[in-house]
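Taking it in order: structure first as structure tokens, then the write-up.
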Protein chains: 2
Amino acid sequence: MAVAGRTTIRDVAAAAGVSPTTVSHALNGKGRLDPRTRARIQRTAERLGYQANRIARGLRSGRYGVQALWLPIEQDAASSDALTLDYYMRLASAMTKAFFARGDVVMLIPPVGSSEKLVPVPTDGAIVADPYDNDPRLAVLRRLDIPTVTIERNPVDPDDPWCVASDTGHHIETLLEHLASEGAERIALLVPEAMGAWSREERQAYRTWSSQHGRDRLTRPVSMRTPFAGAQHAVRALLLAGPRPDAIVIGAERFVPGTMLAIAEAGLEVPEDVLVAVAVDGNLARASLPPLTAVDLQPEQQAYAAAQLLWRRLDGEEPPGQWTVPGILRVRESSSRHRSRSSAGRSS
Amino acid sequence: MAVAGRTTIRDVAAAAGVSPTTVSHALNGKGRLDPRTRARIQRTAERLGYQANRIARGLRSGRYGVQALWLPIEQDAASSDALTLDYYMRLASAMTKAFFARGDVVMLIPPVGSSEKLVPVPTDGAIVADPYDNDPRLAVLRRLDIPTVTIERNPVDPDDPWCVASDTGHHIETLLEHLASEGAERIALLVPEAMGAWSREERQAYRTWSSQHGRDRLTRPVSMRTPFAGAQHAVRALLLAGPRPDAIVIGAERFVPGTMLAIAEAGLEVPEDVLVAVAVDGNLARASLPPLTAVDLQPEQQAYAAAQLLWRRLDGEEPPGQWTVPGILRVRESSSRHRSRSSAGRSS
DNA sequence: TCTCTTCCGTAAATCGATTTGTCATCTACG
DNA sequence: CGTAGATGACAAATCGATTTACGGAAGAGA
């Protein structure tokens, strides 16, 4: 059938002149075997291109070599920009690669809505990206008793050790410091209205930094449901009313287009009139004109860390504690007073 | 264990007072059963929340309910822009949803390089997106005897009926007609150097249309390996040398940023000095300033079509012939001579 | 009444691997 | 020489479902 790897354990056993049991033991390093027999069987298996059928293995051992990845993409995201997130694409891709390094494959789980009657997926564990308050994904996984690791903290249980976290607060500080060092006086923050731990930490860090440096606070919450128009209106209002900000920190990738449009509509230039920086790097930030300074969350590192944690959890080991992946500040033209168009390149 | 759905067929059998065989037959509509018994068993199964364990089912029946999705993402795509393709993200997401509608889950297959020793994936079938000449993905799948459906034609076998195609030639014509109707006289084409059927059809259509309308041909091939710099240089050369084009058709999503930068560097405005349109819609096109006219390939439709085709193939049915998903022209500011900044919105 | 169908339902084999329990064979030592 | 203990390999049970092949009961016809 469509089963990959036609040769079965029986074929190998026959070829090596031993029993299937012995082959299994030899290849899995279990029982007691003469080292020479073991080596011989391994060579035979190699030669025949034998690979254990995951299905059969999973049936007996309860371990399938399949991990689920559940992105926070919403139910009716078919339309346009709701799901077009560069960051998640990189994450999914990196996750696939990280797990494959040890032979595991990654399954994408569809949106929450349809998962009510979640088909019993043959899954060892799951990665949940950006959990939000009372996230139904976590509820489902808990009910099914599937070991889980989150990317970013679970707002309901921020100290859960099975978590790959970013130091979001530190990222915001870094951006603020950078903009301040470039001469920004009034820095505004566009932050998701969402319920994630992430936007909460952004606000918190912004507030703390602002009071410490005696700056005005210009926080503008924007709905994640209308990222484009929401950001556009928020920025327009910011730029028209009162003393206008001379720098904007964009808290979510999806707010980039709306922000840039509002700035252009106001007849302002980046970075001459307004400095701009983004808390999440992605192609929207890189492809803007000019390219936007941003914090690279390093999804590849996060994926690697998540895979390590999940494997550890599956092995029943103790949690090593939350794993923090440091973001990297990518300085680009949008935050530099002295714009040089020729070096228009992309940093690293 | 991590197996979802704890109740087994035995539990249902016990609760309904019948044998496991009867339960299996009742739920799968096999064998001969008293309709009342069948109904009773179905109710019992429902009440207990019984779901067949895919693993066990797959072992016997050779059908796992797992489909593979193999994107044309390259091996060391960890770095920046190689894989940041909105289109593929939408495709993956839509695919996940389309398959889940009938209970199948989607697995992402990692890059080709690492798949040499492809772990025998428990997969019924596979979807290969944008196959190129002598695509190793197709080779692997053929060797493993896994039924496959491609999205876009296989250049090596363009008439393969197990294929969801776009009418790329028609899309290019549509774009050219549209630009011409907006007054464009000299239209250039930026086309991937790649080996896919896709770029070939783009060139072909452009060539045909140009001769039919007595236009100069300004085809510029750009390497997919350096989409940014490649597009930037190509467009710069176009704009500086000779009579410059007054419109550009961008053949691949990844060329958008480089193109826009080159235009800006030349001190030109879109759409006042140059009209721009893209052959593949995505967030790069939508988020540009101004938003770019583009052809929406409708990945959701493609995913649906691919799922239908694959299921049919798995059932051993005859191919219904290639399935063409029509693209939709999304007209935006970049191709309209009369720019109206206030209606800066996004079409549909 | 006896046989021949038909109808329902079940027991048992099967898928491919892992795990448990058993059984020779060999070694060591009193 | 006999026995406890270690060693190396295997037979059989198992995982949870599907599929095949069979058997008992009821109904039909002679």
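Within every chain, numbering begins at 1; the chains are lettered A, B, ... in the order of the sequence lines, protein sequences first and strands thereafter.
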Taking N or O atoms only and anything under 3.5 Å, show me the protein contacts with nucleotides 25-27 of chain D, one pair per line.
none

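- Within 6.0 Å of atom CD in B/E46, 12 or fewer heavy atoms from other residues, nucleotides or ligands are found, so the atom counts as exposed in its surroundings.
- Nucleotide D/dA21 holds its P atom 13 Å from the CZ atom of B/R32, rounded to whole Å.
- A/R10 places its CZ atom 12 Å from the P atom of D/dA11, with the value rounded to the nearest Å.
- If you take NZ of A/K30 and P of C/dA17, they are 15 Å apart, rounded to a whole angstrom.
- The shortest distance between the side-chain N/O atoms of A/Y50 and the OP1/OP2 oxygens of C/dG16 is not below 4.0 Å.
- Counting only N and O atoms by type, the side chains of A/T96 and A/S93 include no donor and acceptor under 3.5 Å apart.
- Residue A/Y50 places its OH atom among more than 12 non-hydrogen atoms of other residues, nucleotides or ligands, all under 6.0 Å distant.
- Remark: aromatic rings of B/W311 and B/F99 are close, center separation under 6.0 Å.
- Using five terminal pairs a side, the axes of the helix from C/dT1-D/dA30 to C/dG30-D/dC1 at its two ends make an angle of 70°, given in steps of 10 degrees.
- Atoms CG (A/D34) and P (C/dT27) sit 13 Å apart, rounded to a whole Å.
- Counting non-hydrogen atoms of neighbouring residues, nucleotides and ligands closer than 6.0 angstrom, the CD atom of A/E318 reaches no more than 12 such neighbours.
- A heavy-atom distance below 4.0 Å to DNA chain D is reached by these residues of residues 16-29 of chain B, ordered by number: B/T21, B/S24, B/H25, B/N28.
- Looking at A/N154 and A/Y132, their side chains never bring a donor and an acceptor atom within 3.5 Å of each other.
- Rounded to an integer number of Å, the gap from B/R38 CZ to C/dC7 P is 14 Å.
- If you take CG of A/D11 and C1' of C/dG16, they are 11 Å apart, rounded to a whole angstrom.
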